[in-house]
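Step one of this worksheet: look at the structure below.
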Amino acid sequence: MTGQAQPADVADPDVADPESDRFDAPAARSAWADELAFTVATAAAAGVVLMDHYEQLERIDHKSARDAVTEADHLSEALVIAAIRARFPADAILAEESGAHAASEPLVNGRTWVIDPLDGTVNYANGLPVFCVSIGFVVDGRPMAGVVLDPTRGETFAATSDGPATLNGRAIRASSKDRLSDFVVSLSLSGRSVVTRARAIRREVRVARSMGSGALALAYVGNGRFDAVIQETSLSLWDVAAAGLIAERAGATVTNFTGSDWYDASRPTRTIGVIAAPATFHGRLLELASRR
């Protein structure tokens with residue numbers, strides 16, 4: 001159903017063949033190649049579940065006024081958790097719907113799988129084809145591998161911390177535009193002076209958009225569909241674990257709203273903010289977004 005990446009051999013993104021966008025051969029094998037290959041396959045299986053239930057929902061629960069939880073959401077998460085338990089029983093799991101799961105064996109090297117089985121739930125529940133599966137693999141508080149799968153388009157974004165970002169197996173790069181005024185930006189601000197700050201950003205970019213899927217928007221920075229993502233809050237670890245790594249390995253600068261690390265395991269749910277943009281313009285966008 002998807003064009004799946006087969007990441008047995010990956011290389012630094014800077015050595016990708018500029019003519020074909022495929023990796024040079026022979027390429028160094030990623031330390032996380034096995035985990036990434038597992039993640040690609042598991043996300044694909046979860047995507048099948050989502051598409052099997054898409055626009056055929058039998059039941060919709062509600063956990064808040066703005067956040068529908070579908071039957072497919074739970075089925076997708078259960079599939080991913082079962083796959084991890086079967087393959088990596090010593091690893092811990094952090095999942096959006098069911099929360100933290102202790103390892104079934106003593107935790108090894110701080111290995112944790114961070115899962116969003118359906119990011120863009122409201123879109124999905126309303127038949128809008130903008131949603132994804134996001135699976136990140138984290139070791140000692142740092143994302144090492146990640147996959148964001150868009151099952152409607154058959155697109156698998158993937159990355160490891162020691163390899164390139166890819167889309168369906170081809171190396172991708174973040175935007176190379178040389179003018180901020182040409183930028184298409186995913187924008188979501190909140191808090192003090194939000195109207196003033198949003199207006200200031202819109203004056204300097206071409207247009208701002210909102211997709212309803214934070215993980216997919218951030219993955220899109222990896223291949224330049226969005227030149228930048230600016231989201232002040234409302235994200236959780238499962239939104240950024242995979243997509244932030246993909247954007248970063250594609251060459252974007254990714255930080256939080258203080259300019260510090262974008263992945264912080266101590267942050268509470270729905271309080272994470274992120275700015276991802278080409279290095280040339282990241283500082284300016286951070287300044288505009290943070291101005292009070």
Side-chain angles (χ1 to χ4, degrees), residues 2-47 80 83-84 86-94 103 107-116 132-150 154-174 215-216 218-224 237-238 240-254 261-263 265 276:
T2 64
Q4 297 175 12
Q6 298 299 325
D9 294 310
V10 295
D12 187 273
D14 292 331
V15 300
D17 181 349
E19 297 300 322
S20 67
D21 287 333
R22 289 199 179 274
F23 315 137
D24 288 344
R29 178 178 170 83
S30 168
W32 311 109
D34 291 342
E35 285 84 356
L36 185 61
F38 165 81
T39 308
V40 167
T42 302
V80 175
I84 294 168
R87 178 71 178 274
F88 301 105
D91 293 359
I93 296 170
L94 176 63
L107 189 62
V108 177
N109 297 326
R111 292 167 54 103
T112 304
W113 296 86
V114 184
I115 306 163
D116 192 338
C132 66
V133 178
S134 175
I135 306 175
F137 172 66
V138 177
V139 179
D140 296 334
R142 299 301 304 170
M144 296 298 173
V147 168
V148 173
L149 168 79
D150 176 353
E155 293 188 335
T156 302
F157 293 85
T160 59
S161 61
D162 57 355
T166 64
L167 170 55
N168 291 349
R170 292 181 176 272
I172 54 175
R173 297 294 292 174
L216 196 54
L218 191 50
Y220 277 6
V221 173
N223 69 340
L237 292 174
W238 43 78
V240 300
L245 181 64
I246 291 163
E248 186 173 72
R249 295 305 298 170
T253 297
V254 187
D261 288 347
W262 55 271
Y263 190 86

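If you're wondering where the values come from, they're calculated on a predicted model, not measured in any experiment.
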Open item on the list: How close do Asp162 and Ser30 get, counting heavy atoms only, and between which atoms?
Closed with: OD1-OG, 2.6 Å
TODO: Compare every heavy atom of Arg29 with every heavy atom of Asp34, then report the nearest pair and how far apart it is.
DONE: OD1-NH2, 2.6 Å
Open item on the list: Let me confirm one number: the CG-CZ distance from Asn223 to Phe157, rounded to the nearest 0.5 Å.
Closed with: 4.5 Å
Task: Contact check, side chains of Trp238 and Val114, non-hydrogen atoms, under 4.5 Å - done: yes
TODO: Take Tyr263 and Leu245, measure what side chain to side chain contact (heavy atoms under 4.5 Å, CB included) needs, and give me the verdict at the end.
DONE: CA-CA 9 Å; Tyr263 190 86; Leu245 181 64; over 6 Å; no
- [ ] Measure from the side-chain N and O atoms of Asp91 to the backbone N and O of Thr112, and report whether any donor-acceptor pair falls under 3.5 Å.
- [x] no
Open item on the list: Please give me the minimum heavy-atom distance between Leu218 and Ala276, naming the atom from each residue.
Closed with: CD1-CB, 3.6 Å
Task: Within-4.5 Å side-chain heavy-atom neighbours: Pro143 and Trp262 - done: yes
TODO: Please name all residues satisfying salt bridge (Lys or Arg N to Asp or Glu O under 4.0 Å) with Glu35, sequence neighbours left out, ordered by chain then number.
DONE: Arg111
Task: Spacing of CD1 belonging to Ile246 relative to OG1 belonging to Thr160, to within rounding of 0.5 Å - done: 10.5 Å
Task: Min side-chain heavy-atom separation Ile84-Thr42 under 4.5 Å - done: no
Task: Closest non-hydrogen atom pair between Val148 and Ala242, with its separation - done: CG2-CB, 4.0 Å
Task: For Thr39, all residues meeting side chain to side chain contact (heavy atoms under 4.5 Å, CB included), sequence neighbours excluded - done: Trp113, Ile135, Val147
TODO: Using atom types as modelled and distance alone, determine if a side-chain donor or acceptor of Asp116 lies under 3.5 Å from a backbone N or O of Ala241.
DONE: no
Open item on the list: With a 4.5 Å cut-off on side-chain heavy atoms, are Glu155 and Leu167 touching?
Closed with: yes
Open item on the list: Measuring centre to centre across the rings, with the benzene-like ring taken for any Trp, is Phe88 within less than 6.0 Å of Phe38?
Closed with: yes
TODO: Looking only at non-hydrogen atoms, find the nearest pair between Ala215 and Ser134 and report the distance.
DONE: CB-CB, 4.2 Å
Open item on the list: Minimum heavy-atom separation for Leu36 and Gly146, please, with both atom names.
Closed with: CD1-O, 3.7 Å
